[in-house]
Each structure stands twice: as C-alpha cells, then as structure tokens.
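Below is one structure, written out as structure tokens, with a few remarks after it.
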Protein chains: 2
Amino acid sequence: MATTRKAAPYHHGDLREALVKAGRSLLEEKGWRGFTLRECARRASVSHAAPAYHFASLDDLLAEIARRGSEEMTATMEAEARRAKDEPAARLVGQCVGYMAFAAANPRLFELIFARDAERGQVPALATAVAAVIPHAKPDVKARMTDFAWATVHGFIVLMLEGRIGAGESSRGLKTRSLALLAAMVETILREGGVPD
Amino acid sequence: MATTRKAAPYHHGDLREALVKAGRSLLEEKGWRGFTLRECARRASVSHAAPAYHFASLDDLLAEIARRGSEEMTATMEAEARRAKDEPAARLVGQCVGYMAFAAANPRLFELIFARDAERGQVPALATAVAAVIPHAKPDVKARMTDFAWATVHGFIVLMLEGRIGAGESSRGLKTRSLALLAAMVETILREGGVPD
DNA sequence: CCTAAATCTAGCCGCCGACAGAATAGGCAG
DNA sequence: CTGCCTATTCTGTCGGCGGCTAGATTTAGG
C-alpha cells in the first residue's frame, strides 16, 4: 500500500487512533488509576485483547498519548507566543501563558507528560525565549535563568492544579496572580542576566 | 488498655505500624504502580486480607503514609531553618533547603504527599518565614510572595527530580544552582514587597 | 476458666494485563 | 471466480489485584 503503516482499515477503521483518543479522554475523566487498557478497548467497541496488536503494553499506549500531548503542548505555547507583542519579554510571557493554559485545560495529560516523557531536551523554545530577553548574558546565566523561569511557571501551575494556591479564588483573580508572577519572573531575569545598567 | 487505640499487640506485634513502614519502603522501591496492598501484607508476613482490619482500603493506607510523610517533611524544614543564621532571609532559605532535601531523599513519598494530601493549609511555616522577610508589606503582597517562593522551590525540585533540569550535572553543581535560585528568589521577594528603599 | 472483642486466615468475586491460538477480512495471484 | 496470504481482531486462559464475607484464633478482663 501507499504508506508504511495501516493504510486501509480492516475490521475497526483505525483502531490505533481510536485507542489513543479513547485513552486520552479516559485519562482526563477517571484519572490515573481509572485508566485501563480494557476500558479503552471497550470505548473503541473492540475486544479486550485487540489493543495488544497496536500497543505492546499499557505503558506503550500511555507513552504514545504522552508523546502526542507533548507535541500539542509545544504547539499551544508557540501559538500563544505568536499572539504576543513582537518583543522578547512579551513572547516569553506568551509561552509561559501557553504552558499554564495547556496544563489547566488538560491537567492529567500534563501530569502524564511529565511523568512519562522523561529525559527529553524539553521545551527548547523556552530556552530560546529566555535567551532573547537577555541577549548579552553569558551562556551559563542564560541556562540558569531558563531553569528559573521554567521552575517558577511549572511550580505555580502545579500548585494551582493541586489546589494549594488560590484555592477559593475567582478565575479572574487567578489570572491576575499568574500575570503578576510572570512579571516578577521577567524582572528577575532582566536583573540577574540583564542589560549592564 | 490505657490508650484509645491498639495498646498491646495481638498476633503480629503492631501490624498497623508494620504496614505503614512496609508501604513506605515499597513505594520508594517499586513506585506507585508497584505499590500493592498484598505486597505490603507479604512484607509484614501476614495474610492478604489482614490489612483490611487496619485500613479500609488501599487509599486509606496511602493517606496515612502521606500524612506521616507530610509531618516528617515539615519537621525537616523546621530543623533546617533552625540550623540557619538567626535572620529572616536565612531562615526562609533554610526552610526551602529542607523542602528540597526532603523531596530529593524521598521522591515518591514527596509525590504522594502532593497527590493525596490535598486541600490542607499546607506549609504554614513557609508563609511565616516569607512574612518575616518583608514585615512591612501588605498582607496580599505577603501572600503573593509566599506563592512565588513556594512555586519556585517546588517547580525547581520537581523538574530536577524528573531529570528535566541539570540532568548530567554533578551533585555539587546542582547544590550551587539551587542556592543561586534561592538567592534570586529572596531578592525578588525583597524587591517586590520589601523595604521601601 | 469463660466470654466478648480484637485480630488474623481462607476463600470468593469481578476486574485487570499479558499471552496463545483461532477466526475473519481484505488483497492478490492464477 | 478461486484459493491462499497476511494483517487484524476475537475467544479463552493465566496469575495477580482490591475488596468482601465467614470463620478461626488469640487476647483482655471478669
């Protein structure tokens, strides 16, 4: 056939695709422990052993879901950065906003990405964005500031998703706080690695 | 029986205690999906149904482990703070160091604490420590700075544990980086809510 | 020593992930 | 059109799990 893989559907249509989709929604609905290969099969209207042909194991399916989620997250960040003003700091903030927005919209998937998608030179775009804010800084300072930015944003959204921060607050208030956090973060980056004032 | 609960051991000795201990080490060893009520029972040399008497469910045992872990973590933070210089900023840094040290020493337990121990007015000591650094700031600024500090420290240690930050770095280097991060954090707190310079 | 409560064991249920082998369905050679 | 080939899915099975119940065993306290 034309493509390398599964060109024409046989019994199901495209089971691999259906399983990934079912798995993703199942994960978001029932969480972690409710995620079951058999339930994915059920949602795809297929026997309990059918997934085995497409995914060697449960972890294999999770890995694929994480892989796609990771791509989607990167895309969200870049889209948000493009919407921002054409200015280094604004673009960095945009990426961070995209990061948090994706996590808030897909909390379990976000968790999964960080639990499963280990050891990947993640978020290279973030490093670029930070570097653009402090172009004159030394490489190691840029690296440290990237870590700082990432840690701040990641920690904040995680704590918020876990309900440790701003538990009883309005959505409006949380947005304001997030932006204040990002502003403080940018200022710190500028001060630490910034223009030789 | 003097105390309210399980004063003298019966068959086992103190099964409840043994299960918590076995569960904690099992969690650290096999992680999360290897954590099994039956394996805990096995490690305590007891039948598979014995735990049911002490813990209503697997979640119940996890909750207890998380509860104790949380206390231990708080103690670690306070101990580290006491070891620091008698100065607000140093004590805040000390608490953060304790936070990271505990997480690094008990990564799975640390995860568990944050996953299970939801909705608790966590880390009140951190809020106190931050407030002491910026005594003249308004309450809402203190709150924001506490969130900022917590997010920074939490994000950093999580990313480090996941291997996203400083993957190939020496332990020495990581320590230096951590301290640099904390220093930047304290400076930001001072600048944002600090002394009216 | 006897009773009642506390503690543990044995056994069952339904669910799970993984594996083995049978069955189906489309493509294709003849 | 026939018959085979291979990709895909199904049925059936195994051991392990969490949770439950029934019953045995041990201990405390009179």
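Remember, predicted model here, so these are calculated numbers, not experimental data. Chain letters run A, B, ... following the sequence lines, proteins first and then strands; every chain starts at 1.
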Is [X] close enough to [N] that one of its side-chain N or O atoms is under 4.0 Å from OP1 or OP2 there?
X     : N      : result
A:R42 : C:dC16 : yes
B:H54 : C:dC8  : yes
B:Y53 : C:dC8  : no

Atom [atom1] of [X] to atom [atom2] of [N]: distance rounded to whole Å?
X     : N      : atom1 : atom2 : answer
A:H48 : D:dT13 : NE2   : P     : 11 Å
A:E39 : C:dG17 : CD    : C1'   : 15 Å
B:R16 : C:dA6  : CZ    : C1'   : 15 Å
B:R33 : C:dA18 : CZ    : C1'   : 12 Å
A:D59 : C:dC16 : CG    : P     : 17 Å
B:L58 : C:dC15 : CG    : P     : 19 Å
B:L19 : D:dG18 : CG    : P     : 12 Å
B:L37 : D:dG19 : CG    : P     : 6 Å

Minimum heavy-atom separation for A:A81 and A:Q95, please, with both atom names. CB-CG, 3.6 Å
So that I can tick it off, tell me whether A:R68 and A:E72 are bridged by a salt bridge, with the cut-off set at under 4.0 angstrom between side-chain N and carboxylate O. no
So if I take every side-chain heavy atom of [X] and compare against [options], which nucleotide ends up nearest?
X     : options                : value
B:L15 : C:dC8, D:dG12, C:dG11  : C:dC8
A:R38 : C:dC16, C:dC19, C:dA10 : C:dC16
A:T36 : D:dG19, C:dC16, C:dA18 : C:dC16
A:V46 : D:dC10, C:dC12, D:dT11 : D:dC10

Residue pair A:L27 / A:R24, side-chain heavy-atom distance below 4.5 Å: no
Identify whether any heavy atom of A:A50 sits under 4.0 Å from a base atom; if not, whether one sits that close to sugar-phosphate; answer base, sugar-phosphate or nothing. sugar-phosphate
Ring centroid separation for A:H154 and B:F156, is it under 6.0 angstrom? no
Please step through side-chain contact (heavy atoms from CB on, under 4.5 Å) for the pair B:T76 and B:Y99, ending with a clear verdict. CA-CA 7 Å; B:T76 302; B:Y99 190 97; over 6 Å; no
